[in-house]
Amino acid sequence: KTILKVDNLEKFYKNKGSLTKAVNHISFEVQEGEYLGIMGASGSGKTTLLNCISTVDHATAGHIYVNGKDVTDMKETALARFRREELGFIFQSFNLLDTLTGRDNIALALAILGEHPKKIDGKINKIAQELGIGEILEKYPYEMSGGQQQRVACARAIVTNPSLILADEPTGALDSRSAGMFLDSLGLLNEERHATILMVTHDAFTASHCKRILFMKDGRIFNELVRGADSRRE
Ligand code: ADP
Ligand code: ADP
């Protein structure tokens with residue numbers, strides 16, 4: 001099943017007469033259960049591409065289909081709902097609410113979607129156990145390490161069962177040990193919960209955890225690596 005189809009996507013920026021082709025004719029698909037990385041240097045267009053997919057940015061041309069629905073011509077009210085129901089987000093800067101404990105950060109995501117109050121704690125406890133974050137759930141974000149915050153963000157992203165999890169440079173603010181623990185958590189969501197994940201990063205160690213990597217430069221995809229030598233020998 002195709003979860004994401006990016007079809008001839010273009011995003012151009014005009015600045016004082018000069019044109020930046022941030023995303024330049026990009027097409028690719030992501031199947032259900034895939035763990036795709038998009039790797040490229042700073043300025044290669046990764047964030048612009050991700051922002052178009054998450055619909056916070058409007059493409060100049062081309063189409064993006066999520067579960068067969070074209071999100072490039074949806075109205076704003078439909079888009080808000082689409083983002084809430086179909087997408088999970090993991091950011092570089094964690095973006096947990098400092099006014100809420102880890103548990104309540106996750107609970108908020110469920111409550112907004114209308115989850116029955118009696119079911120919320122059960123769902124949180126289950127994912128917390130899977131990710132090994134039970135001990136930090138009652139802490140506030142400012143009492144957690146960066147790695148702990150990002151693992152709570154993982155729980156928040158998956159608990160609503162989104163079709164697609166988008167992660168933008170998620171290890172950018174983590175030291176290598178925390179990054180490793182976070183990437184283990186993300187890998188677990190993919191392996192155990194069959195989450196479909198699209199992650200963008202400039203970091204080779206981070207990208208190396210993905211099952212498939214697309215390489216971006218100057219707004220274009222110039223290469224692809226599928227992990228595992230078998231697929232190359234065929
Ligand atoms: P990356 O995420 O790979 O670092 P970006 O998508 O942020 O790349 O940027 C791609 C290119 O588009 C860069 O040349 C950047 O300067 C340019 N760009 C990004 N956002 C804007 C904007 N809002 N206005 C003008 N140029 C932009
Ligand atoms: P990232 O490190 O995530 O790629 P950037 O530092 O490239 O982010 O960009 C940060 C923000 O500034 C983004 O919202 C991007 O769209 C915007 N931006 C990037 N380059 C430009 C530019 N040349 N002109 C205007 N806005 C830009």
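Both counts, for ligands and for their atoms, begin at 1 and track the order of listing.
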Salt bridge check: are R227 and E34 linked by an N-O gap of less than 4.0 Å?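 The answer is no: the pair does not qualify as a salt bridge.
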Check the pair R81, E86 against salt bridge (charged side-chain N to carboxylate O under 4.0 Å, His left out), reporting the backbone distance first and the verdict last. CA-CA 8 Å; R81 186 184 162 137; E86 307 266 0; over 6 Å; no
Mark up the atoms of ligand 1 that fall under 4.0 Å of a heavy atom belonging to [X], in ascending order.
X	answer
S42	4 (O)
N15	25 (C)
S44	1 (P), 3 (O), 8 (O)
A22	10 (C), 11 (C), 12 (O)
K46	1 (P), 2 (O), 3 (O), 4 (O), 6 (O), 8 (O)

Quick check: does any side chain N or O of T201 sit under 3.5 Å from a backbone N or O of D203, one acting as donor and the other as acceptor?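 Looks like yes, one N/O pair under 3.5 Å.
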Are the side chain of N95 and the backbone of F91 linked by a donor-acceptor contact shorter than 3.5 Å?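 Not a single qualifying donor-acceptor pair exists.
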Is the NZ or CZ atom of K21 positioned over F12's six-membered ring, under 6.0 angstrom from the centre and within 45° of the axis?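 So K21 does make the cation-pi contact.
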Please verify whether a non-hydrogen atom of A41 lies at under 4.0 Å from ligand 1.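 Yes; A41 lies near enough to ligand 1 that a heavy-atom distance drops under 4.0 Å.
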Are H63 and D70 close enough that a side-chain donor and a side-chain acceptor fall under 3.5 Å?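 Side-chain D/A pair, H63 to D70: present.
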Compute the shortest N/O to N/O distance between T20 and ligand 1 and return yes if it is under 3.5 Å, no if not.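 The answer is no, given that T20 and ligand 1 share no N or O pair closer than 3.5 Å.
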Could you pull out, from T48, D57, V23, L50, the option with a heavy atom nearest to atom 6 (O) of ligand 1?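 Of the listed residues, T48 has the closest heavy atom.
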